[in-house]
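The block underneath contains the structure these notes are about, expressed in structure tokens.
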Amino acid sequence: QHPMTLTRQIWRWSQTAAMEIDFLGQVQETVNRVLKAYGAKQQHHVLTDLAPDQRESLAVALHLQKTLQDMERKHLCRRCWLPTMTSSSSSFCICQQCPPVQFPQKHNNDNNNNRKNTLNRLFLILHHQEIGRSVDTAKLILAALPRHCRLIVPGMAAEFQASLAELQASLKERQRPCLVLFPDDTAQTFDEIQHQYNHRHDVRNGNGGSWDVVVIDGTWQQARRIKKRYFPPLPTTNVVMAKLSDNAVALLDQEVVVVPPDLQGETTATTERDKRNPGHQLRKHSITSRKVGTFEATRLFLADILRGEECPQQPNADHVHATATTIQPQGHASHGGKEKEVSPPWVQMEHYQTIANQSFQDYKQSTHSTRRQTTPTQQIL
């Protein structure tokens, strides 16, 4: 067997075994269904026989097929979308540093009159052009919350992807509204949404519940189109636009981000957030809440849901460093051989984007150094 073929098989096996849920595998299955349904027409150049939505499904599927092939060729991790194998034999995968977060165990003494808010499902609608991009932050949502996430690629019909059909069913449920994290003019904070829900259904104050959340990832133009397409203001759908609380937005510029020392080779790695805050998008915006990247917005909204308007206080370096370095994939925090209580999910997630940004910068620097060392003759070859 060809050595490169064997290397690719080992890469596939190791990546699949390392993941809890293979979201890219789900995308591949959806692509295969679309190509099976419409691929023959594309090969025979009779696309005019397809309806507009069918042509769109085929176009998105063909784009994703190429993307997935490119990811395999470049040896990108199927979970963090960063290189696992490079020409310098270096790996920039961050999966060991960013395991799935753990949620607090439910206690038997929690009755219906004293339930806390919980996350039921998180529907991540990811524009197809964002899949496979090393700089995309939404992949960290899938990595952190695999058990709760449902990945949806807009443009491919619900008959081909079960996650979209599941979302459509959720929008028709009348018990609790589906929360779409999108800061338009009608958006409300989670505290406002819950207060209105409790008042409308005569629920005692403090009684929580399980919530479905929708997060849209793409450019603002793409996100607006996705929102308009899937969440029109219809009385038959139970949808509420949600936004971050003021406390959550303010927290973004107050936190101390701690990168585990083993990633930088230093004994201390505390960096104060500033205008280059890793939670902010690269694109500037006049509205503060729209400067927040998808992953960081999701993390802070999760804090709003699980703790209401009370967001995490500014952490000290020792606390965050312990959180960032001791969370184990099995869900226990260890210290001196003793198990400690697991930190809240949003606290476990707060260092993920910093680690991803650092790894991507290291990869770019490594690539740049390799190119500089390449002779002109090698470049031509």
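The first residue in the sequence is number 1, and the count goes up from there. Nothing here was measured: the structure is a model prediction, and the numbers come from that model.
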Going by heavy atoms in the side chains, are T294 and V215 under 4.5 Å from each other?
yes
Residue pair K66, D70: steps toward the salt bridge (Lys or Arg N to Asp or Glu O under 4.0 Å) verdict: CA-CA 6 Å; K66 183 178 183 303; D70 289 343; 3.0 Å; yes
Given the side-chain rings of Y197 and F190, with only the six-membered ring counted for Trp, is the space between their centroids under 6.0 Å?
no
Taken to the nearest 0.5 Å, the spacing of N247 CG from D304 CG works out to 8.0 Å
Per side-chain contact (heavy atoms from CB on, under 4.5 Å), W81 is matched among V135, I94, D136 by D136
Rounded to the nearest 0.5 angstrom, the SG-CE distance for C77 and M71 is 8.0 Å
d(L179 CG, K243 NZ) to nearest 0.5 Å is 14.0 Å
Q.
Under a 3.5 Å threshold, yes or no: a donor from one side chain and an acceptor from the other, between N32 and Q28?
A. yes
inquiry  = Does any part of the side chain of L82, heavy atoms only, come nearer than 4.5 Å to the side chain of C93, both counted from C-beta?
reply    = no
dist T137:OG1 -> D217:CG (nearest 0.5 Å) comes out at 5.5 Å
Do D362 and Q358 meet the criterion of a side-chain donor-acceptor pair at a distance under 3.5 Å?
yes
- Are the side chains of V240 and V180 in touch, meaning some heavy atoms are under 4.5 Å apart? no
**Item:** Between E29 and Q161: side-chain donor-acceptor atoms closer than 3.5 Å
**Value:** no
Side-chain donor-acceptor pair present, Q188, Q196, cut-off under 3.5 Å: yes
Problem - CZ/R225: more than 12 non-hydrogen atoms of other groups inside 6.0 Å - result: no
Q. Where do E130 and K139 land on the salt bridge (Lys or Arg N to Asp or Glu O under 4.0 Å) test, with the steps shown first?
A. CA-CA 9 Å; E130 298 295 322; K139 64 191 178 186; over 6 Å; no
- Query: Relative to the ring of Y352, is the ring of F295 parallel (under 30°), tilted (30 to 60°) or perpendicular (over 60°)?
  - Reply: parallel
- Query: Strictly by modelled atom types, are T186 and D184 linked by a side-chain donor-acceptor pair under 3.5 Å?
  - Reply: yes
One should read off an interatomic distance between H63 NE2 and H128 NE2, to the nearest 0.5 angstrom, of 4.5 Å
dist F23:CZ -> L126:CG (nearest 0.5 Å) comes out at 11.0 Å
Does the side chain of N117 pick up a donor-acceptor pair with the side chain of W211 at under 3.5 Å? yes
